[in-house]
Structure formats: C-alpha cells, structure tokens
Amino acid sequence: MKITVEYDPAAENEVVLRCASLDDEMLRVLSLLRAELQRLCVWDEERRLHLLTPSQLIYAETVEDKTFICTAGAIYQTALGLGELEGRFAAVGLFRANKSTVVNLHHIKSLQSCGAGRIQADLATGEKLMVSRRYAPLLRERLGL
C-alpha cells in the first residue's frame, strides 16, 4: 500500500482512499478511521458529560456492575459494558485483559510473563495490569509474539 501525505494549511483535513477493490487491507483501514472518529460518552463525579476519543482510554474496569474509564488525567464512568467497549473499539487497540478489564494496547509500556500463564502489563501511567491466562494467548497473537 502506498501512503502519501500532503500538507495544505488552507484545506480541511481529508482522507482519500484509492483502491482497485475493497480488499481486506482497505476494509481494515476504513475500520480504523471510523472507530477513531467515534466518541465515547462518559461522565465524571459531578455528573458532567465528556466525550473521549478511544485513544484517550488507557483501560476500563468493571467494579460492582459499573464501568470506569481511566485516562491519563481522570477517571470517568460510562454506561457501556466492557464487551461493548471491546467490540466497538477493538480496531483501535482495545483488548480484553481479564474478566473485569479492557486495556488499550497502545498504552502498554512493557510485558512480563508471570506464573500460571499470566502476563503482567506495565502501562505508560506506571500502573500494572494482569492479563489472565485465558486472554494471554490472544494478547500474544494480537501483538504478533
């Protein structure tokens, strides 16, 4: 695939995809573009609504049937479940780490194998997250390890 970037200070951002046919590669590119354009509706402790891009999400966690979104600067709550988050934003890097957590693969700094087939993920924020043995093989596959 050939990629060309043109700079035009007067123009609106535009993405043009030229292809002979919509093959799997082009469909993946379209999926990435669409997913990143979506916004995630969340609210803070004062019940103020915020719209986040999927890339802002570092990880999401379910505690007592509530889903919390952790970003670099704050923790929010969302009405979406982990399965919905993973389904909507898998194309931009969201991955199920364990039963109660979804992590953004782009915010993982390092990985370390642990006992019983688990993997410890060190996040860019300094937090550590455990990938269960159930999801560890999928993580290795997704990362190409």
Side-chain angles (χ1 to χ4, degrees), residues 1-44 47-63 65-114 117-145:
M1 173 176 21
K2 175 181 156 186
I3 298 175
T4 304
V5 177
E6 297 174 359
Y7 176 74
D8 184 351
E12 179 182 352
N13 287 346
E14 176 184 22
V15 176
V16 177
L17 299 175
R18 288 190 190 90
C19 57
S21 66
L22 273 178
D23 58 7
D24 287 343
E25 182 180 45
M26 293 307 285
L27 289 173
R28 279 194 308 275
V29 170
L30 282 171
S31 174
L32 283 170
L33 289 170
R34 285 191 181 124
E36 189 59 36
L37 290 174
Q38 290 184 34
R39 294 293 181 257
L40 178 59
C41 185
V42 298
W43 61 89
D44 60 20
R47 307 289 288 173
R48 286 182 296 193
L49 290 177
H50 301 267
L51 295 175
L52 303 179
T53 61
S55 60
Q56 289 177 284
L57 184 149
I58 296 174
Y59 69 93
E61 186 172 32
T62 297
V63 178
D65 294 327
K66 295 179 182 175
T67 304
F68 296 94
I69 304 292
C70 298
T71 66
I75 297 175
Y76 301 101
Q77 191 174 341
T78 183
L80 298 176
L82 294 180
E84 291 174 279
L85 288 170
E86 183 183 20
R88 284 187 190 185
F89 304 115
V92 291
L94 290 194
F95 175 79
R96 178 67 68 112
N98 57 54
K99 187 171 113 177
S100 61
T101 311
V102 170
V103 66
N104 188 333
L105 296 176
H106 301 291
H107 290 283
I108 294 177
K109 188 172 70 173
S110 65
L111 298 170
Q112 180 179 351
S113 291
C114 295
R118 298 174 302 152
I119 298 173
Q120 178 179 295
D122 295 334
L123 304 179
T125 59
E127 295 173 274
K128 297 179 185 313
L129 185 117
M130 196 59 67
V131 178
S132 72
R133 65 181 179 181
R134 176 180 179 190
Y135 296 103
L138 298 172
L139 177 63
R140 288 184 187 95
E141 179 183 320
R142 185 99 180 255
L143 295 175
L145 301 176

I need the [X] [atom1] to [Y] [atom2] distance, nearest 0.5 Å.
{"X": "L52", "Y": "R39", "atom1": "CG", "atom2": "CZ", "value": "9.0 Å"}
{"X": "I75", "Y": "Y59", "atom1": "CD1", "atom2": "OH", "value": "6.0 Å"}
{"X": "K66", "Y": "T78", "atom1": "NZ", "atom2": "OG1", "value": "13.5 Å"}
{"X": "L129", "Y": "I58", "atom1": "CG", "atom2": "CD1", "value": "11.5 Å"}
{"X": "D122", "Y": "T125", "atom1": "CG", "atom2": "OG1", "value": "9.5 Å"}
{"X": "K109", "Y": "E127", "atom1": "NZ", "atom2": "CD", "value": "11.5 Å"}

What pair of heavy atoms forms the shortest contact from [X] to [Y], and how long is it?
{"X": "N98", "Y": "M130", "answer": "ND2-O, 2.9 Å"}
{"X": "S113", "Y": "R140", "answer": "OG-NH2, 4.3 Å"}
{"X": "G81", "Y": "T67", "answer": "CA-OG1, 3.9 Å"}
{"X": "L57", "Y": "H107", "answer": "O-CD2, 3.4 Å"}
{"X": "C41", "Y": "L49", "answer": "SG-CD2, 3.9 Å"}
{"X": "L85", "Y": "A60", "answer": "CD1-CB, 3.7 Å"}

Expected output: side-chain R96 to main-chain K99 donor-acceptor under 3.5 Å
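Checked: pair present.
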Any donor-acceptor pair under 3.5 Å from E86 side chain to G83 backbone
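Not confirmed, E86 side chain does not pair with G83 backbone.
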Would V63 and S100 count as a side-chain contact (heavy atoms from CB on, under 4.5 Å) here? Give the steps.
CA-CA 7 Å; V63 178; S100 61; over 6 Å; no
More than 12 heavy atoms of other groups within 6.0 Å of D24 CG
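No - once you tally the heavy atoms of other residues, nucleotides and ligands closer than 6.0 Å, there are 12 at most.
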For R142, I'd like to know if atom CZ has over 12 heavy atoms of other residues, nucleotides or ligands within 6.0 Å.
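Yes, the 6.0 Å shell around CZ holds more than 12 heavy atoms from other groups.
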Criterion side-chain contact (heavy atoms from CB on, under 4.5 Å) on R88 and L80, from CA distance to verdict
CA-CA 10 Å; R88 284 187 190 185; L80 298 176; 3.7 Å; yes
side-chain contact (heavy atoms from CB on, under 4.5 Å) between L105 and L139, worked out:
CA-CA 9 Å; L105 296 176; L139 177 63; 3.5 Å; yes
Show your working on side-chain contact (heavy atoms from CB on, under 4.5 Å) between L123 and I108 and close with a plain yes or no.
CA-CA 4 Å; L123 304 179; I108 294 177; 3.9 Å; yes
Should the ring pair Y135 and F95 be called parallel, tilted or perpendicular, given that the plane angle runs from 0 to 90° and is split at 30 and 60?
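Aromatic pair Y135/F95 classed perpendicular.
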Side chains of F89 and N104: does their closest heavy-atom pair fall under 4.5 Å?
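Not touching, per the 4.5 Å side-chain cut-off.
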Below 4.5 Å, heavy atoms only, C-beta onward: do L111 and Q120 meet side chain to side chain?
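Side chain of L111 against side chain of Q120, heavy atoms only: no contact under 4.5 Å found.
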